[in-house]
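Presented below is the structure to which this report refers.
Start at 1 and go down the list; that is how both ligands and their atoms are numbered.
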Amino acid sequence: MDPKLERLKQRFFQIFGDQGRHLTVTRAPGKVNLLGDHTDYNEGYGLAVNFPLEVTVVSQRRSDGMLGMYSCDAEERIQVPAHNLRYVAGDGWANYPKGVVWSLQNAGQKFEGLNLLIEGRVPQGAGLGSSTALAAASALAAASVEGFKMEVPDLARCLRNAENQFMGMHSGILDPLCVLGAGQGNAVFLDARTLEVEQLPLALDGALVVVLDSGVARSLKTGDYAKRQEECREALRLLKTRNEAYQSLRDVKVLAFERHKRILPPVLAARAEHVVYENDRVLKAREALQAGDAAALGDLMNRSHRSLSRLMRCSTEELDALVALAGADPACFGARLTGGGFGGCAVALVREEGLDDFLDRLKRSYWQKIGGKMKSWVLDLVGPASEIEA
Ligand code: GLA
């Protein structure tokens, strides 16, 4: 038995006692977008991998209609009736599992009651999918304890509904799809319209994916992300006057955009240009991955960052510095901010040989330029959220 799991189970019994029923253990990784940001809420494409630090949930059924939750990180226990669940600001982290149960109930699943003990290791506020990991591990726990199964697209929709409708977060579908769908050793190509998940083995000769944390936290609750969604909706509304068939910015191809863009006011033209070209870059990146071409993928990542920074305006001084410093290093194929932006992390594709020296150089130069500490993770591509044999 894994000593970490044994420790978590003992903690579970200390907190909730033992109902004498089967204990379920589920885990879910975070995620990192390699390419394709601010595309999912425009029904576009993304290319992502799982982030190896995880959320682990130990759970057990209870039959009194209550939902018991304990966070090992907050050292806090919260218990509420499992029906008529509501978002309560004071419940903090517990709103995620509550939101997931609420969303699964809305999708027709029945709940007798559930105890959940949660340990989170995905860094928070870094754009690495910590909230999706918590939601995914809780959802799989609920499904296992209550004995139902859902397909990846349906479960991904439930997680998104929990975040959007229960938590009031303006997030899209790519994070849930990646966390639930990316196979071990793979990147995934994701389609936010069809919810297709295509596995792409990440076999880039001598290149590794590295996450670089700017040390500045981000939040999807601040207005900037929602503002980008609104701007994209407005750009679509205007572009539709040129072609009624457009259902989302995903339908606008590069050439058509170039023909129509002058009808858009400058800010909306910039946002739409990012989305249209970013979707195109993701399709090209898929080909680069299939061909094992690290240089081509790195180039697309660099272009994506410029577009996120100048057109989408969702970068920060720190992220721009980090990406510029990383990109200027000969060991780096390319780098970009990852996720929603407005803080958080960058992702870089780096030569395996000399990786440690690269990271040392970057830490030093980031400190000199920004005066902040940079954290980094070299990614080991773990599999999707799952139940662990306990
Ligand atoms: C956040 C959201 C995602 C996606 C990214 C931007 O991370 O959770 O759904 O919209 O921003 O690509």
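- Cluster partners of Val378 are Leu208, Val210, Leu212, Leu322, Leu325, Val350, Leu355, Phe358, Leu359, Leu362, Tyr366, Ile370, Met374, counting Ile, Leu, Val, Met, Phe, Trp and Tyr whose side-chain heavy atoms approach within less than 4.5 Å, directly or via other members.
- In terms of the ring pair (Phe, Tyr, Trp, His ring centres under 6.0 Å) criterion, Trp93 has no residue partners (sequence neighbours excluded).
- Ring geometry, Tyr225 versus His170: the interplanar angle falls from 30° to 60°, so the pair is classed tilted.
- Distances between N or O atoms of His38 and those of ligand 1 include at least one value under 3.5 Å.
- Every heavy atom of Gly127 sits 4.0 Å or more from the atoms of ligand 1.
- Looking at Ser171, Gly36, Ala48, Gly46 and measuring to atom 8 (O) of ligand 1, the nearest heavy atom belongs to Ser171.
- Taking the six-membered ring where tryptophan is involved, the planes of Trp102 and Phe166 are tilted, since the angle between them lies from 30° to 60°.
- Counting the atoms of ligand 1 from 1 in the order shown, those under 4.0 Å from a heavy atom of Tyr225 are 1 (C), 2 (C), 3 (C), 4 (C), 9 (O), 10 (O), 11 (O).
- Taking every non-hydrogen atom of Asp37 and a distance limit under 4.0 Å, the qualifying atoms of ligand 1 come out as 5 (C), 6 (C), 12 (O).
- Considering only heavy atoms from C-beta on, Asp91 comes within 4.5 Å of Lys98 through its side chain.
- Taking the six-membered ring where tryptophan is involved, the planes of His38 and Tyr41 are perpendicular, since the angle between them exceeds 60° and thus also 30°.
- Checking only distances, Lys31 never comes within under 3.5 Å of ligand 1, N or O to N or O.
- Between Ile173 and ligand 1, no pair of N/O atoms sits closer than 3.5 Å.
- In Asp40, the part holding a heavy atom less than 4.0 Å from any atom of ligand 1 is the side chain.
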